[in-house]
Structures are given as structure tokens and as C-alpha cells.
Participant: 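Let me give you the structure first, and then I'll get to my questions.
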Amino acid sequence: MKNFFIFILILLLFPVLFIRFQTDADVYAYMGRLLVNGYIPYIDGWDHKGISLYFINAIGYLIGFKSITGIKILEVLLIGYSFLTFYKTLSKKYSEIIAFISMTVGVFTLKYFFDGGNLTEEYGVIFVLISLSLFLKNQLKTIDYAIIGALFVVNLTIRANLISFWGVLFLVYCLQLILKTISLKNFLLSFLRMSYGAITIIGVYFIYFLSTGSLQHFIDAAFIFNFSYSNATLASTFDAILTSVTRYHLSFIFLIGFIVSIIRFFKDKTRTLELILIFWIPLELYFSNMSNRLYAHYFLMWIPMLILSCAVIINDLKERFKFSNKKILITSFLLFMICFYVPIYMTFMNYKTIVFGNETSKSEKISNHIINNYKDHTLLVWGNNSEIYNLTNKISPISSFYQSTFKYDTELVRNKINAFSKQILDKKPSLIIDAKRNGMLHLDLFNKVVIDDSQKRNLKEFSSIIKTQYVFEEEKFGIDFYILVNNE
């Protein structure tokens with residue numbers, strides 16, 4: 001069955017090499033390009049995700065010999081490794097058939113929420129599955145604990161809300177200590193050994209930040225800014241939890257898993273997997289909904305819970321009702337077809353595109369036009385379309401290379417806009433194109449009647465700079481091109 005699972009994995013992952021990144025993923029790829037080309041994240045290019053994400057993209061960019069394809073290759077390799085490693089773990093813990101069904105559910109859920117790939121939560125899932133595989137080993141070595149600790153820091157410095165698993169580990173160890181299933185010595189040694197890896201990664205990053213003078217910039221972007229523009233309250237977060245659970249019916253799997261785990265744990269308090277799920281499900285529901293934005297890819301972090309829930313539920317059915325493997329496979333197949341018709345269709349469409357091709361995208365047309373007609377110009381894309389930078393292989397002279405965060409009216413954002421306007425005056429990009437992002441004031445002010453007064457007020461200086469120092473050159477593919485007056 002493992003070979004069949006590998007076939008499914010390859011079938012679903014192969015199209016990743018050909019799928020275009022979506023908006024956020026292109027931003028992360030751009031930040032990886034910055035690192036490879038000697039620029040400093042948060043100073044030469046600003047985004048509010050963690051440094052680990054940009055290092056991953058930089059490694060991929062190098063793997064592809066300075067090509068975005070390399071990021072996709074690394075992405076596929078990491079997904080394949082983490083899923084196969086956890087498949088092996090579940091096979092040892094339960095059985096081959098339980099591992100096959102559970103991991104198949106996991107990989108199709110990944111496809112369901114994938115959204116073009118190269119996303120924070122996707123890497124979060126990868127490192128959680130690797131850590132969980134290590135944690136569930138019969139005998140953990142010091143290096144296993146160290147890797148778990150190191151991956152905690154990696155996930156924290158991808159995005160701060162990707163660490164629910166490590167919170168669960170702490171709670172599991174604490175309860176096991178209270179129940180006296182582990183000794184105080186083993187409790188302390190476990191976290192001490194994890195700290196070896198955590199301190200190592202922190203040390204490497206600390207040296208990098210000190211050598212580049214970017215430590216405070218990193219803290220301001222990845223932590224302070226991320227929490228400053230969130231308007232979520234505890235009540236709105238619980239509303240988001242209810243909405244996400246009812247919107248994505250896959251949640252019924254881990255909700256059943258939660259109930260089954262409680263019943264099984266109270267019968268046998270040595271059951272570690274069930275205890276993990278009891279803590280993990282409510283904690284991850286909170287972490288994945290804490291921003292109150294409900295973007296589909298946020299729920300990629302449900303995947304490990306879904307996999308474990310499937311394993312616990314199927315194992316309970318086998319023990320309680322003596323279900324045969326044949327009955328389990330038939331039942332799982334029927335539920336599978338109900339739950340996963342969307343990713344099956346998505347995979348079919350991916351292969352259709354690969355075989356028959358797809359029409360040139362708008363970003364590709366714009367990028368080709370820039371390469372052919374503005375090759376020597378310095379570029380700023382107004383709005384948020386970092387794919388154009390990546391396709392033209394250009395680096396913006398302005399650190400705020402995308403500006404979608406300018407929609408928020410906070411003190412931090414206003415300060416960023418002021419710094420952005422000063423950089424425009426100082427660096428003078430010779431070409432500015434308006435990507436005409438929804439919710440952003442267009443450079444020709446055509447949509448000003450539907451834009452908030454606060455945004456128009458905050459962008460008043462920038463609008464003045466465009467009016468006095470730039471001239472409209474042309475419109476191509478629905479995009480306006482502005483060039484610097486008296487560009488020398």
C-alpha cells in the first residue's frame with residue numbers, strides 16, 4: 001500500500017512544478033531572491049513574515065540556479081519527505097492500512113487548501129509532521145529532541161501562529177508529569193534537549209541579524225506589525241472558529257476524533273496520540289482563526305490533526321466493532337469521494353493545463369513588455385503584483401515593493417507610508433506601473449470615490465509626487481505605465 005500512496009503523492013505533487021504562485025507566494029519568492037542577491041530582508045525589501053520563510057525560498061532559488069522553479073522543487077521534496085516519514089510512523093504505530101487511509105486524507109487536504117503553494121502554513125505543516133514523527137518514536141535520541149526544538153524556532157520565525165504543536169507538547173508533558181507517567185527528571189531533560197536545537201537556530205539567526213543590522217527591523221515586521229493591524233477580538237475569533245468548522249466539512253473528522261480521543265484516553269491514560277489530539281484540536285482551532293480573516297490556506301494547519309484523527313478513529317472502529325480491513329477500505333473510499341471531489345477535480349484541471357497549455361497570463365504579458373521596452377529602468381509596482389518583479393528579474397529600489405498593507409489606517413502604517421514617499425523622492429524609480437489592486441487608490445485617482453478617506457489622506461504626499469514628478473507613458477494590458485520626468 002505504501003507504493004500506491006507514493007503514486008498518489010507523485011500524482012498530486014507533480015503539477016506543483018507547473019502551477020503559478022499566487023500573490024503572497026510571489027512576495028516570499030521575491031524576498032528569497034533578495035537574500036540570494038545580497039540584499040537584506042526588512043531593510044531592502046519589506047514584508048511581515050518571518051526570516052525562516054525567506055531562507056527557505058532563498059535555498060530553493062539557489063537549487064533552481066536562480067530560478068523560481070527551484071523553490072517549487074524544494075517545496076515538493078519537503079512535502080514528499082514529511083508525508084512519507086509520517087506514513088512510516090503511523091505504519092509502525094498502527095498498521096499499513098491505517099497509515100494509507102490517514103495519509104491519503106492528509107495529502108488530498110493539502111491539495112484542497114494548496115492555493116498555488118509556497119505558503120507559510122504549508123511549510124508549517126511540513127515541519128510539524130517531521131517533529132511529530134520524531135516525537136512518536138519509541139526511543140528518542142538527543143538529536144531527535146534537538147531537531148524538534150530547532151523546528152519550533154523555524155515555525156515561529158515563519159509565522160508566529162504556527163506553533164500550536166509545541167504548545168501541545170508542553171501540555172502533554174505537564175499532564176504526564178501530573179499523572180506520573182513520566183518522571184520530573186525526564187520532563188526536564190526533554191525540554192533541555194529541545195533547547196539545544198532551539199538555541200542553535202536562534203544563535204544562527206541572531207548572528208545574521210546583528211551582522212546585517214536588521215534585528216529590530218525583523219521584530220518590528222514579523223511580530224509588532226503583525227499584531228498591530230489585527231482587529232480580532234476573543235469573540236470574533238470564536239465566531240471565526242464556528243464559521244471555519246461549518247464552512248469546511250472536513251472538520252467533522254477531527255471533531256469526531258476529539259470525542260473518540262477523550263473516551264479512549266479516560267479508559268487508558270497512557271495513550272499519547274489521543275492526549276495530543278485532546279489538547280491540539282481546540283488549540284489549533286484558535287491559532288488558525290486568531291486573525292479572524294478566514295483565508296482558506298490558513299487551514300492547512302488542520303492537516304496533521306486530520307491525519308491523527310483518522311488514525312485514532314479507524315483504530316477505534318477496528319478495536320470496538322471488529323471492522324475488517326475490507327469494510328474500512330470501502331467505507332473510507334465512499335467518504336473520500338464525498339469529501340475530496342474538489343481536489344480530485346483540481347488535479348484533473350492541473351494535468352489538463354500541463355498537457356494542453358494555458359494562455360499567457362496578464363503578468364507574463366506585462367513582464368515581457370517591460371523586458372522588451374523598459375529593460376534599463378528601475379521598477380516599482382504600485383499595488384501588489386510581485387510576480388512581475390520575479391518574471392523581469394528586477395529588484396525594486398524601494399523597500400516597500402508592494403503596498404497592500406497601506407490600506408490599514410494605523411500609526412505604524414502611516415509611518416511606513418511616510419518612509420515610502422521619502423524613498424520615492426530619494427531613489428526615484430524610473431518606471432512605476434499601477435497594478436490596480438482592489439482596495440488601493442489608483443495612480444490616476446479614477447477609483448477615489450470608492451476608497452476610504454483615511455487612505456486618500458495617508459497617500460496625499462505620494463499622489464502629489466506622482467502628479468509632479470512622473471508622467472503617464474502608456475496603458476498596456478489594463479496596466480498604467482508612468483515614467484520619471486527628466487530621467488537621467
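Since this is a predicted model, take the numbers as computed values, not measurements.
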Participant: With a 6.0 Å cut-off on the ring centroids, do Tyr61 and Phe65 count as close?
Facilitator: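 No, the ring centres sit 6.0 Å or more apart.
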
Participant: Do any N or O atoms from the side chain of Asp144 and from the backbone of Lys141 form a donor-acceptor pair under 3.5 angstrom?
Facilitator: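 Answer holds: yes.
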
Participant: Determine yes or no for a side-chain-to-main-chain donor-acceptor pair under 3.5 angstrom, with Asn315 supplying the side chain and Ala311 the backbone.
Facilitator: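 The answer is no, because no donor-acceptor pair under 3.5 Å joins these two groups.
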
Participant: Is a side-chain donor or acceptor of Asn384 paired with a backbone partner of Thr23 at a separation under 3.5 angstrom?
Facilitator: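 Pair absent, no side-chain N/O of Asn384 close to backbone of Thr23.
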
Participant: Would you say that Leu169 contacts Phe152 through its side chain, given a criterion of any heavy-atom pair below 4.5 Å between the two side chains?
Facilitator: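 No. Closest side-chain heavy atoms not under 4.5 Å.
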
Participant: Quick check: does any side chain N or O of Asn37 sit under 3.5 Å from a backbone N or O of Tyr39, one acting as donor and the other as acceptor?
Facilitator: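 Judged by distance alone, no pair lies under 3.5 Å.
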
Participant: List the atom pairs, donor and acceptor, that lie under 3.5 Å between side-chain atoms in residues 117-130 and the rest of the protein, sequence neighbours left out.
Facilitator:
| unit_1 | atom_1 | unit_2 | atom_2 | d |
| --- | --- | --- | --- | --- |
| Asn118 | OD1 | Asn57 | ND2 | 3.4 |
| Asn118 | OD1 | Tyr123 | OH | 2.7 |
| Asn118 | ND2 | Ala25 | O | 3.1 |
| Asn118 | ND2 | Asn57 | OD1 | 2.9 |
| Glu121 | OE1 | His297 | ND1 | 3.0 |
| Glu121 | OE2 | Arg159 | NH1 | 2.9 |
| Glu122 | OE1 | Asn118 | N | 2.7 |
| Glu122 | OE1 | Leu119 | N | 3.3 |

Participant: To the nearest 0.5 Å, tell me how far Ile182 CD1 sits from Leu188 CG.
Facilitator: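 Between Ile182 CD1 and Leu188 CG, I get 9.0 Å after rounding to 0.5 Å.
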
Participant: Ring-plane angle category for Phe7 and Phe4, please: parallel below 30°, perpendicular beyond 60°, tilted otherwise.
Facilitator: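 The arrangement is parallel - the two ring planes meet at less than 30°.
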
Participant: Using the rule given for ring-ring contact (aromatic ring centres under 6.0 Å, His included), can you reason through Phe191 versus Tyr145, listing the C-alpha separation, both sets of side-chain angles and the distance that settles it, and then say yes or no?
Facilitator: CA-CA 8 Å; Phe191 287 101; Tyr145 285 106; 9.0 Å; no

Participant: Would you name the heavy atoms of Ile314 and Ser102 that are closest together and state the gap between them?
Facilitator: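 Scanning both residues completely, I find the closest heavy atoms to be CD1-OG, 4.4 Å.
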
Participant: Working to the nearest 0.5 Å, report the span between CD1 of Ile6 and CE of Met103.
Facilitator: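 It comes to 11.5 Å.
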
Participant: What's the shortest heavy-atom distance between Cys310 and Ile253, and which atoms?
Facilitator: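 For Cys310 and Ile253, the tightest heavy-atom pair comes out as SG-CG2, 3.7 Å.
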
Participant: Quick one: pull up NZ in Lys416 and NE2 in His48 and give me the separation to the nearest 0.5 Å.
Facilitator: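 NE2 of His48 is found 9.0 Å from NZ of Lys416.
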
Participant: Using a strict threshold of under 4.0 Å (side-chain N to carboxylate O), is an ion pair present between Glu274 and Lys269?
Facilitator: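 Not counted as a salt bridge, because no side-chain N and carboxylate O are separated by less than 4.0 Å.
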
Participant: Are any side-chain N or O atoms of Asp316 and backbone N or O atoms of Val312, one a donor and one an acceptor, separated by less than 3.5 Å?
Facilitator: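 No.
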
Participant: Quick check: does any side chain N or O of Arg33 sit under 3.5 Å from a backbone N or O of Lys394, one acting as donor and the other as acceptor?
Facilitator: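 Looks like yes, one N/O pair under 3.5 Å.
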
Participant: Specify whether Tyr173 and Phe135 have parallel, tilted or perpendicular ring planes, treating 30° as the upper limit for parallel and 60° as the lower limit for perpendicular.
Facilitator: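 It falls in the perpendicular class, over 60°.
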
Participant: To the closest 0.5 Å, what do you measure between OH (Tyr54) and CD1 (Ile59)?
Facilitator: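 Rounded to the nearest 0.5 Å, the OH-CD1 separation comes out at 15.0 Å.
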
Participant: Flag yes if more than 12 heavy atoms outside Phe170 fall under 6.0 Å of its CZ atom; otherwise flag no.
Facilitator: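 For Phe170, atom CZ is not crowded (no more than 12 foreign heavy atoms under 6.0 Å).
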
Participant: Between Asn350 and Leu12, is there a side-chain heavy-atom distance shorter than 4.5 Å?
Facilitator: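 Sidechains of Asn350 and Leu12: no contact.
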
Participant: How are the rings of Tyr87 and Phe5 set relative to one another: parallel (under 30°), tilted (30 to 60°) or perpendicular (over 60°)?
Facilitator: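 Ring orientation of Tyr87 relative to Phe5: parallel.
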
Participant: Measure across Ile163 and Ala160 and return the closest heavy-atom pair with its distance rounded to 0.1 Å.
Facilitator: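 Scanning both residues completely, I find the closest heavy atoms to be CG1-O, 3.5 Å.
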
Participant: Which label fits Trp280 and Phe165: parallel for a plane angle under 30°, tilted from 30 to 60°, or perpendicular past 60°?
Facilitator: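 Correct class here is tilted.
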
Participant: Can you tell me how far CE of Met1 sits from CD1 of Ile97, rounded to the nearest 0.5 angstrom?
Facilitator: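 Reported value, rounded in 0.5 Å steps: 5.0 Å.
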
Participant: Does any part of the side chain of Ile51, heavy atoms only, come nearer than 4.5 Å to the side chain of Phe209, both counted from C-beta?
Facilitator: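 Yes, at least one pair of side-chain atoms sits under 4.5 Å.
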
Participant: For Asp26 and Gln22, test the side chains for any donor-to-acceptor distance below 3.5 angstrom and give the result as yes or no.
Facilitator: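 No donor-acceptor contact under 3.5 Å links the two side chains.
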
Participant: For residues Phe258 and Phe254, establish whether the separation of their ring centroids is below 6.0 Å.
Facilitator: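 Between Phe258 and Phe254, the centre distance exceeds or equals 6.0 Å.
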
Participant: List, one per line, each side-chain donor-acceptor pair under 3.5 Å for residues 197-208, sequence neighbours excluded.
Facilitator:
| unit_1 | atom_1 | unit_2 | atom_2 | d |
| --- | --- | --- | --- | --- |
| Thr200 | OG1 | Tyr196 | O | 2.7 |
| Tyr205 | OH | Ser52 | OG | 2.6 |

Participant: Keeping the roles fixed (side chain from Trp302, backbone from Ser288), state whether a donor-acceptor pair exists under 3.5 Å.
Facilitator: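 Looks like no, no N/O pair under 3.5 Å.
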
Participant: For the pair Asp44 (side chain) and Ile40 (backbone), establish whether a donor and an acceptor sit closer than 3.5 Å, ignoring hydrogens and angles.
Facilitator: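 Yes; at least one donor-acceptor contact below 3.5 Å.
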
Participant: Indicate yes or no: at least one non-hydrogen side-chain atom of Ile395 is less than 4.5 angstrom from one of Tyr30.
Facilitator: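 Side chain of Ile395 against side chain of Tyr30, heavy atoms only: contact under 4.5 Å found.
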
Participant: Sequence neighbours left out, what passes salt bridge (Lys or Arg N to Asp or Glu O under 4.0 Å) with Arg20? Give chain and number order.
Facilitator: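 Salt bridge (Lys or Arg N to Asp or Glu O under 4.0 Å) list for Arg20, sorted by chain: Glu387.
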
Participant: Is there a side-chain contact between Leu35 and Pro41 in this structure, where contact means two heavy atoms from C-beta onward sitting under 4.5 Å apart?
Facilitator: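 Yes. Closest side-chain heavy atoms under 4.5 Å.
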
Participant: Can a side-chain donor-acceptor contact be found between Ser400 and Gln403 if the only test is distance below 3.5 angstrom?
Facilitator: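 Looking only at side-chain atoms, Ser400 and Gln403 do not form any donor-acceptor pair under 3.5 Å.
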
Participant: Nearest heavy-atom pair of Ala240 and Asn289: which atoms, and what distance?
Facilitator: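 In this case the closest contact between Ala240 and Asn289 is O-OD1, 3.2 Å.
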
Participant: Any chance the rings of Tyr389 and Tyr402 have centres within less than 6.0 Å?
Facilitator: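 No - the distance between ring centres of Tyr389 and Tyr402 does not fall below the 6.0 Å cut-off.
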
Participant: Is any side-chain heavy atom of Leu192 less than 4.5 Å from a side-chain heavy atom of Leu189?
Facilitator: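 Yes; the side chains approach each other to less than 4.5 Å.
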
Participant: In terms of side-chain heavy atoms, does Ser236 have a donor or acceptor partner in Thr233 at a distance below 3.5 Å?
Facilitator: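 Note: Ser236 and Thr233 side chains meet the donor-acceptor criterion.
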
Participant: For the residue pair Leu277 and Gly257, what are the closest heavy atoms and their distance?
Facilitator: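 Looking at all heavy atoms of both residues, the shortest contact is CD1-O, 4.4 Å.
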
Participant: Any side-chain donor paired with an acceptor under 3.5 Å for Lys93 and Asn138?
Facilitator: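 There is no such pair between these side chains.
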
Participant: Rounded to the nearest 0.5 Å, what separation is found between the CG atom of Asp24 and the OG atom of Ser404?
Facilitator: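 Taking CG in Asp24 and OG in Ser404, the distance rounds to 7.5 Å.
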
Participant: If only atom types and distance count, is the side chain of Ser183 paired as donor or acceptor with the main-chain N or O of Asn186 below 3.5 Å?
Facilitator: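 Side chain of Ser183 to backbone of Asn186, a donor-acceptor pair under 3.5 Å: yes, one is there.
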
Participant: Heavy-atom distance under 4.5 Å between the side chains of Phe83 and Leu9, does that happen here?
Facilitator: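 The answer is yes, as the side chains (C-beta and beyond) meet within the 4.5 Å cut-off.
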
Participant: State yes or no: are the ring centers of Tyr112 and Phe340 separated by less than 6.0 Å?
Facilitator: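 Ring-ring flag for Tyr112/Phe340: false, centres at least 6.0 Å apart.
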
Participant: Can you find a heavy atom in the side chain of Gln176 that is under 4.5 Å from one in the side chain of Leu275?
Facilitator: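 The answer is yes; the side chains approach within 4.5 Å.
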
Participant: For the residue pair Asn385 and Ser363, what are the closest heavy atoms and their distance?
Facilitator: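 For Asn385 versus Ser363, the nearest heavy atoms are ND2-OG, 3.1 Å.
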
Participant: Are any side-chain N or O atoms of Ser95 and backbone N or O atoms of Ser91, one a donor and one an acceptor, separated by less than 3.5 Å?
Facilitator: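 Judged by distance alone, no pair lies under 3.5 Å.
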
Participant: Run Asn390 and Phe21 through side chain to side chain contact (heavy atoms under 4.5 Å, CB included) and show every step you take.
Facilitator: CA-CA 11 Å; Asn390 295 331; Phe21 286 156; 5.9 Å; no

